[in-house]
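Position 1 is the first residue of the sequence, and the numbers go up from there. We use all heavy atoms of the structure for the numbers below, so side chains are in, but hydrogens, waters and symmetry mates are not.
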Amino acid sequence: MFNRPVQGSNTPTYTLTVTRFMQVVMDSLPQAAAQSFLVAQLDSDDRSWAMVASIVGCIVSIAYLVATTELDADKSLGFRTNFPMVHGYIPSLSAVQEALVLLGILLFVGGILGAKLIALATLAGASAWVAVAWCSAEASALFVLRFFAEGRIWKFHFQGASGLMPTLLMHACIYLGMLAAPFPFLRFPGYCGPLPYSASIIYNLAINPAMVYSGFYLGGNRVVLDTQHVWMSLAIGSGVAVLGMVLMGCAMNATHRHTFYKPHSFRTLCDTLWEERTLTFMPDGTVAAGLDPSRANVLTYTSDYWVSIDKLRAWLANWDVWEADQPAWFTHKGIGFQNRIVQYAPVEALPRTVLLKILAKAKDSEGNALCVAPDATTDLLVAKVQAYRKDTSARKRAGRFAKAVLAIRLYIVAILISYVDLAGDVLVTLTLLQSETTKQSGFVTMGLTGFAQVVQAIISLAMGQGGVAAFTALVGAKPLLDTYNVLSDRPLTRGTKHDHELAFTATRAEEIALQSLPQGFYQCLVLLQMAQEGETTSWVQWASVGGAALSVAFIVADTDRGTDTSATFRMDYPLVYGYTPDDNRRAWWVSLGTFGFIGGTVVSKWVAIATLATASGSSAAVWLATECVVLLVLRQVVESSWRFHLHGLEAAVPSALVHLMFYIVSVAAPFPILRFPGYLGPSLYCASVCYQTIASPLMLLVAFSMEG
């Protein structure tokens with residue numbers, strides 16, 4: 001449509017085709033299946049013609065989308081240039097034949113989809129588990145069939161999607177497409193392939209009656225419409241599909257009929273392209289002539305499908321010539337030819353120039369450059385590159401494993417903060433609201449939770465994190481968002497890596513200061529008041545208090561270790577961060593000490609404040625307000641300003657809110673990060689910890705003396 005489309009490694013037509021395919025299998029088909037299942041369960045009196053018409057309309061729209069997608073793909077200049085042995089079955093010279101092929105696709109896909117929806121609705125109406133098991137077995141069988149059809153290669157043929165999980169995800173999409181909306185595009189080798197495609201079509205038409213029979217046998221006739229209507233609808237759908245297939249077969253170009261059934265693996269296709277293709281449609285929309293750009297394009301696929309080492313070695317022997325001439329395909333960013341060869345080509349096929357380049361940039365596990373003599377033999381260079389690749393691969397696997405472990409740990413903590421703690425507060429609220437005497441306490445608990453979410457949203461906006469961050473704060477998902485931003489290469493909100501790490505730490509502190517600590521203290525107060533009045537307490541309340549204490553201690557210890565060991569923080573502030581040892585055993589001891597320190601502080605302070613508040617609420621309020629004001633004055637003395645130092649939070653109201661958070665945290669959960677200058681600072685942090693340790697027994701002494 002545009003003269004200058006966004007550049008990438010795939011052509012715009014291919015991207016459009018895949019997008020439409022994904023839209024059908026991930027959106028349209030599940031909706032059509034769910035709608036058919038629900039309508040089938042209704043009694044005949046409750047079922048209207050509009051419902052049935054809606055399903056028929058959905059079938060027609062999906063079939064039309066498949067037909068138009070096929071027209072765009074098969075007549076695309078890029079596909080017909082790059083893969084003439086596969087694409088080109090739709091006639092270009094006859095408008096009548098083209099229309100007949102499109103009508104055939106429409107009838108074929110519509111019939112397949114209609115028949116499959118009837119079969120699935122009948123079987124799922126009898127037993128959803130049987131339907132799931134049936135489809136799972138079919139998907140597994142198709143995977144095995146594709147594996148053998150592709151020459152015992154299971155990986156998907158695109159480089160970025162050749163891993164285990166992407167391959168399985170792509171196979172699931174291919175299976176869903178073949179199940180109910182078999183795009184003719186799926187016959188392309190590497191997707192379903194010609195033979196599995198035709199076999200799957202025949203199988204699905206033949207298995208539908210068996211699915212319907214099984215559904216009736218298992219009792220599906222109790223929930224679906226009249227059995228005669230089911231069989232008649234199934235026969236009509238299957239007949240329409242066969243009619244569409246015949247119409248397609250008769251009207252398409254005879255030269256391409258075999259592409260729908262003749263065995264042809266993707267590796268065989270790559271071999272054919274390697275030897276025969278002399279025109280290549282490049283990702284930037286240009287057409288390149290000659291074998292060299294065609295072969296460079298072939299090597300953009302997963303290396304498992306590349307040509308033999310001998311063929312590759314003979315061709316790469318021209319590397320020095322290409323470096324001198326700098327042809328467009330050699331330096332094309334969309335192809336990335338040089339990087340692909342360096343990373344994925346078999347070492348035995350690499351020319352001497354490439355081997356030396358790899359070793360010139362290579363470093364060992366300690367970061368030292370590998371020393372190689374320029375006149376070293378080729379066999380020695382090959383051996384060194386093999387060893388380097390093996391070492392690099394091992395390090396990458398270890399890095400991925402470590403990152404996965406870190407991600408699991410961080411997401412567990414994020415879920416714990418986001419919803420486990422929140423769910424505990426909701427359960428306590430519901431428990432308190434059930435009794436007239438504690439109903440007011442339930443409303444206070446609810447208010448504390450809502451206040452915490454609103455303040456977090458305001459702070460997110462003030463720190464410039466944007467509307468997405470503010471919204472997730474309101475729904476309690478801010479820890480999950482920050483965890484994703486820290487781990488992902490493409491965060492969902494704007495900012496640098498340092499900004500996301502800072503937001504990650506700040507969110508945890510906010511959750512503790514605004515939600516966990518106030519809620520824990522208030523629940524302790526409610527428990528003491530209920531005990532004084534002789535009321536029965538609930539295990540939910542005790543579990544909430546105990547879980548909150550453990551949660552606060554764990555989160556503080558985990559957050560502080562992650563912050564102190566952060567490469568970003570250690571690089572930017574080496575005078576403050578770095579107290580956690582690099583040795584894992586010693587680091588765990590430090591974390592355990594932090595956990596015990598925070599856990600003990602939380603419990604002792606909750607007990608002390610709740611006891612004093614039970615004896616005299618006004619005395620407790622005056623005590624805490626005095627501490628907060630004194631801390632503000634001390635921060636003014638130490639920092640020469642009470643305003644917060646981060647841009648966006650330096651105004652009076654945000655600075656006051658931040659100081660309130662600092663005070664709440666310093667009272668019961670003194671994060672070691674608070675020793676950072678600008679927060680409390682080292683001396684004030686130490687003095688605050690010592691004071692709070694002494695203040696707790698003093699609070700108890702005052703409370704007991706007031707009670708006599």
Side-chain angles (χ1 to χ4, degrees), residues 5-15 17-18 76-87 150-151 153 155-162 188-191 264-358 360-361 382 385 389:
V6 177
Q7 294 299 309
S9 58
N10 296 314
T11 62
T13 304
Y14 173 81
T15 304
T17 302
V18 173
S76 162
L77 175 63
F79 283 129
R80 291 201 172 191
T81 301
N82 288 348
F83 310 106
M85 63 289 296
V86 179
H87 294 287
E150 293 296 338
I153 301 176
K155 294 182 179 180
F156 194 57
H157 59 282
F158 276 97
Q159 189 65 57
S162 59
F188 192 92
Y191 289 97
H264 200 82
S265 69
F266 188 73
R267 189 163 192 176
T268 304
L269 177 63
C270 288
D271 275 331
T272 303
L273 296 174
W274 185 272
E275 298 294 343
E276 299 178 3
R277 188 172 66 183
T278 56
L279 282 179
T280 307
F281 192 86
M282 306 300 281
D284 60 1
T286 61
V287 177
L291 287 174
D292 286 346
S294 172
R295 292 174 176 179
N297 183 267
V298 168
L299 298 183
T300 59
Y301 299 109
T302 304
S303 57
D304 296 69
Y305 296 94
W306 288 4
V307 295
S308 65
I309 293 179
D310 292 335
K311 288 184 178 182
L312 187 60
R313 183 193 299 115
W315 183 62
L316 291 179
N318 300 306
W319 189 279
D320 292 338
V321 177
W322 300 331
E323 282 202 334
D325 296 341
Q326 294 288 299
W329 59 267
F330 188 71
T331 58
H332 196 289
K333 292 183 179 180
I335 296 179
F337 171 74
Q338 297 182 52
N339 288 333
R340 289 180 185 274
I341 294 299
V342 169
Q343 293 182 29
Y344 304 113
V347 178
E348 298 83 354
L350 295 176
R352 182 181 181 84
T353 304
V354 177
L355 293 171
L356 289 171
K357 279 190 173 183
I358 294 174
K361 298 180 180 179
V382 169
V385 171
R389 280 188 172 180

I need the [X] [atom1] to [Y] [atom2] distance, nearest 0.5 Å.
X: I309; Y: L312; atom1: CD1; atom2: CG; value: 8.0 Å
X: T353; Y: I358; atom1: OG1; atom2: CD1; value: 11.0 Å
X: K155; Y: T302; atom1: NZ; atom2: OG1; value: 7.5 Å
X: D292; Y: N297; atom1: CG; atom2: CG; value: 12.5 Å
X: E150; Y: D304; atom1: CD; atom2: CG; value: 11.5 Å
X: L269; Y: R267; atom1: CG; atom2: CZ; value: 13.0 Å

Steps toward side-chain contact (heavy atoms from CB on, under 4.5 Å) verdict (T300, Q159): CA-CA 7 Å; T300 59; Q159 189 65 57; over 6 Å; no
Heavy-atom check, side chain of N82 versus side chain of L273, under 4.5 Å: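 Contact flag for N82/L273 side chains = no.
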For a quick test of reading the model, state the closest non-hydrogen atom pair linking [X] to [Y] and the distance between them.
X: K357; Y: W319; answer: NZ-NE1, 4.4 Å
X: R277; Y: T81; answer: CD-O, 4.0 Å
X: V298; Y: C270; answer: CG1-CB, 4.0 Å
X: V287; Y: L279; answer: CG1-CD2, 4.0 Å
X: V86; Y: P189; answer: CG2-CD, 4.2 Å
X: R389; Y: V342; answer: NH2-O, 2.6 Å

Indicate the ring-plane relationship of [X] and [Y], choosing parallel, tilted or perpendicular according to the 30° and 60° boundaries.
X: F156; Y: F158; result: tilted
X: H157; Y: F266; result: tilted
X: H87; Y: F188; result: parallel
X: F83; Y: Y301; result: tilted
X: Y344; Y: W306; result: perpendicular

Verdict with supporting geometry, L316 and V354, side-chain contact (heavy atoms from CB on, under 4.5 Å): CA-CA 9 Å; L316 291 179; V354 177; over 6 Å; no
Verdict with supporting geometry, Q338 and H332, side-chain contact (heavy atoms from CB on, under 4.5 Å): CA-CA 9 Å; Q338 297 182 52; H332 196 289; over 6 Å; no
Partner set under side chain to side chain contact (heavy atoms under 4.5 Å, CB included) for D310, not counting sequence neighbours: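 Side chain to side chain contact (heavy atoms under 4.5 Å, CB included) list for D310, sorted by chain: S308, R313.
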W274/Y305 under ring pair (Phe, Tyr, Trp, His ring centres under 6.0 Å): CA gap, chis, key distance, verdict: CA-CA 12 Å; W274 185 272; Y305 296 94; over 10 Å; no
Donor-acceptor contact below 3.5 Å, side chain T272 vs main chain T268: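 It does hold such a pair.
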Stepwise side-chain contact (heavy atoms from CB on, under 4.5 Å) check, D271 with K311: CA-CA 10 Å; D271 275 331; K311 288 184 178 182; 4.0 Å; yes
